[in-house]
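Report on the following structure.
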Amino acid sequence: MTDLDYEGFWKETLVQLRNDLGEEEFSGWFSDMKYLRARFDKKTNEKSLVIGLPSTFHRDKVMSRYQNVICSKLKNIANVEIAIEYEITGKPEKRETFSPSSSVKNEDSSKTATPEAEKTRKKREKHSQMLDDYTFDRYVKGENNGFAVNAAVAISNNPGKAYNPFLIFGGVGLGKTHLMQAIGNYIHENSDHKVICVTSEDFLNEYLDGIAQGKMNAFKNKFRFTDVLLIDDIQFFQDKPGVQEELFHTFNALINAKKQLVFTSDRPPSELKKFSERLITRFDQGIKADLQPPRYEERCAILKKAAENNNKEISDEVIDFVGKNISSNIRDLIAAFRTLIAYAELMKEPITMQLAQKSLKDTLNSSRQANFSMDNIIRVVSEYFSLTPNDLKGKKRTQNIVYARQIAMYLGRETTDYSTTELGQEFGGRDHTTVMHSIDKIKNKLLTDPALDSTLESLKRSIKEYSAKY
Ligand code: ADP
Ligand code: MG
């Protein structure tokens, strides 16, 4: 449903009709029409626009006089067959005054995303491609993300002008999607700018459909004629040269037209593999901001905010407990919070320390929760063997270094989502077969050396403690 810009097609149809019919005839019939939504029937593959009209009389007249011309224009513009359905909405409502959301305004009260000429405007309908609770109001700013948030706010107030393109990167669950959509939601709500927000997978699929169905024009029209384009998780484009090429052209068209581009990636551009050099160079021309894992203070602030959003009273003691123990990422932190609330509701009990301990027992026991970030693993393991992180990442092959390295790789594989290839990267760009070999070494040793098991367990505990602190 999100694949085509139906509203854009409708607007363009109106522009052409106005041209053909002349102002007087056009405004008599079309100025009271309102785009409501689009509909897509998965079974029949039929696409339609739902247009609002003031009365049945109006509808019947439009259908008898203009139906054919509307449909043929629409088909030309969209490059696909789109049906039209009418809904009687009564007389159009009055315009309401709009005031921009305060959280962003505070950052820079001299500018808002609302253009001067648009002081009074009708509130827009929700944007179908973004979550409406991914807003700045709900985004906790801390040292881990301060720079990224400032850049995002500046962009929201001045799309296409402040920083362009904007690339947000960072690990899983650290708030990339939320921050990107906060920009989109803010601009959508406070201006008439057109915002497109897609995952990289959507972008790829639409590109492939465009090729397969000979509709590249529709694809280009959609992505090259927008004011703001947000693309999530561009690491997905790795090793896909065709779509990278298309992205490059989209990129240039939009940048030249001073339209805002925002991307997210789970790694810095320099670590994107099989990625077009010229695209990476383009990222360097804009601004990049990374999101770091939240530290203890930020985790507590996020929990407090979540409690506030959900109208829950949670004691500082419980916040401290969850904040200390769930350190992997914000997604897990929010999930733990939800588990806690659900548990309390189910048991009809207040949220006490005891209840928190009980409800989060399973979560806390899972190794993932210890936030085994590779950095932390490498730091703790090297310390344990009286080495430095660089020893583990470096080239030296003395026996104790090799052993410590194998252990760190093993722990990395067991407790993070890293693939062996990615682990290799963390250890100074080693090959994935080397990583596999190291992990096998430890696995074999575990079969014959019971002491190793307890060493590994104790290392995991240390990593967990280390992560809770930092
Ligand atoms: P990513 O895209 O980096 O994997 P998400 O943006 O999906 O992460 O964030 C995961 C969850 O954490 C979401 O529920 C999001 O609302 C929440 N979240 C992330 N960062 C923050 C933050 N700074 N303040 C409040 N909630 C956050
Ligand atoms: Mg995401």
Side-chain angles (χ1 to χ4, degrees), residues 2 101 103-104 106-107 127 129-153 155-156 166-186 197-204 229-238 262-269 271-272 288-312 314 319 322-323 325-342 363 368-369 371 373-374 416-418 422:
T2 58
S101 96
S103 72
V104 177
N106 286 343
E107 294 284 337
H127 196 289
Q129 298 158 339
M130 292 178 296
L131 285 176
D132 46 349
D133 51 1
Y134 278 4
T135 56
F136 284 115
D137 299 7
R138 287 171 175 256
Y139 203 76
V140 175
K141 183 173 159 186
E143 263 179 50
N144 62 321
N145 61 16
F147 178 70
V149 175
N150 288 345
V153 168
I155 285 165
S156 305
F166 180 37
L167 175 72
I168 306 165
F169 64 93
V172 174
L174 294 182
K176 302 181 292 296
T177 300
H178 186 146
L179 187 59
M180 184 178 83
Q181 294 202 5
I183 300 176
N185 274 316
Y186 185 85
C197 174
V198 286
T199 63
S200 294
E201 207 169 346
D202 290 340
F203 188 86
L204 173 72
L229 176 60
L230 314 172
I231 305 187
D232 208 2
D233 286 319
I234 57 159
Q235 75 278 356
F236 185 79
F237 293 142
Q238 288 181 122
V262 183
F263 303 102
T264 75
S265 160
D266 72 353
R267 62 203 73 189
E271 282 176 30
L272 288 166
K288 293 175 278 185
D290 67 328
L291 299 175
Q292 291 291 331
R295 292 159 320 146
Y296 167 74
E297 295 78 29
E298 284 130 12
R299 298 200 290 271
C300 292
I302 287 167
L303 288 167
K304 282 189 184 149
K305 185 88 189 170
E308 189 189 307
N309 290 338
N310 289 275
N311 285 325
K312 298 283 173 197
I314 300 183
I319 298 255
V322 182
N325 285 286
I326 312 283
S327 52
S328 45
N329 61 50
I330 302 174
R331 182 174 302 163
D332 288 343
L333 194 65
I334 302 274
F337 171 83
R338 293 207 178 111
T339 306
L340 179 62
I341 301 291
T363 320
R368 221 157 88 73
Q369 261 332 304
N371 182 19
S373 79
M374 274 323 294
T416 70
D417 298 335
Y418 281 68
E422 287 162 336

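Quick note: residue numbers are just sequence positions, from 1. Predicted, not measured: the structure shown is a model, and the values here were computed from it. Counting starts at 1 for both ligands and their atoms, in listed order.
- Atom CD of Glu143 has 12 or fewer heavy atoms from other residues, nucleotides or ligands within 6.0 Å.
- Every atom of ligand 1 is numbered from 1 in the order shown, and the set under 4.0 Å from a heavy atom of Leu174 is 1 (P), 3 (O), 8 (O), 20 (N).
- In this structure, CG on Asp233 lies 12.5 Å from CZ on Phe263, to the nearest 0.5 angstrom.
- Between Val172 and ligand 1, no pair of N/O atoms sits closer than 3.5 Å.
- The closest donor-acceptor contact from the side chain of Lys312 to the backbone of Ala306 lies at 3.5 Å or more, if one exists at all.
- Rounding to the nearest 0.5 Å gives a distance of 8.5 Å between CG of Asn309 and CD1 of Ile334.
- Because the distance cut-off is set at 2.8 Å, Thr177 qualifies as a neighbour of the Mg ion (ligand 2) through one of its N, O or S atoms.
- Note: His178 and Tyr134 have parallel aromatic rings, judged against thresholds of 30 and 60 degrees for the angle between ring planes.
- Residues Val172 and Arg331 approach most closely at CG1-NH1, 3.8 Å, considering heavy atoms.
- Residue Asn145 has at least one heavy-atom neighbour below 4.0 Å for each of these atoms of ligand 1: 23 (N).
- Side-chain contact, Asp232 with Thr264: a donor N or O sits under 3.5 Å from an acceptor N or O.
- Of the listed residues (Lys141, Lys305, Gln181, Lys176), the one carrying the non-hydrogen atom nearest atom 3 (O) of ligand 1 is Lys176.
- Between the choices Asp233, Val140, Thr177, Leu291, the shortest heavy-atom distance to atom 22 (C) of ligand 1 belongs to Val140.
- Protein heavy atom at the shortest distance from atom 7 (O) of ligand 1 is Arg331 NH2, 3.2 Å.
- Closest to atom 15 (C) of ligand 1, if we only count protein heavy atoms, is His178 ND1, 3.4 Å.
- Remark: among candidates Gly170, Gly142, Ala182, Gly175, the nearest residue to atom 5 (P) of ligand 1 is Gly175, based on non-hydrogen atoms.
- Residue-level proximity to ligand 1 for Asp232 is absent, since no heavy atom of it falls below 4.0 angstrom.
- Contact of the Ile330 side chain with the Ile302 side chain is registered, since non-hydrogen atoms from C-beta on lie closer than 4.5 Å.
- Looking at atom 27 (C) of ligand 1, its nearest protein heavy atom turns out to be Ile330 CG2, 3.4 Å.
- Heavy-atom proximity to Tyr134, at under 4.0 Å, picks out these atoms of ligand 1: 7 (O), 13 (C), 14 (O), 16 (O).
- Those atoms of ligand 1 with a heavy atom of Gly171 less than 4.0 angstrom away are 3 (O).
- With Ser265 contributing its side chain and Pro268 its backbone, the two residues share no donor-acceptor pair below 3.5 Å.
- For Arg138, the closest heavy-atom approach to ligand 1 falls below 4.0 Å.
- When atom types are taken as modelled, the side chain of Lys176 and the backbone of Gly171 share a donor-acceptor pair closer than 3.5 angstrom.
- Between Gly173 and ligand 1, an N or O atom pair is found at a separation short of 3.5 Å.
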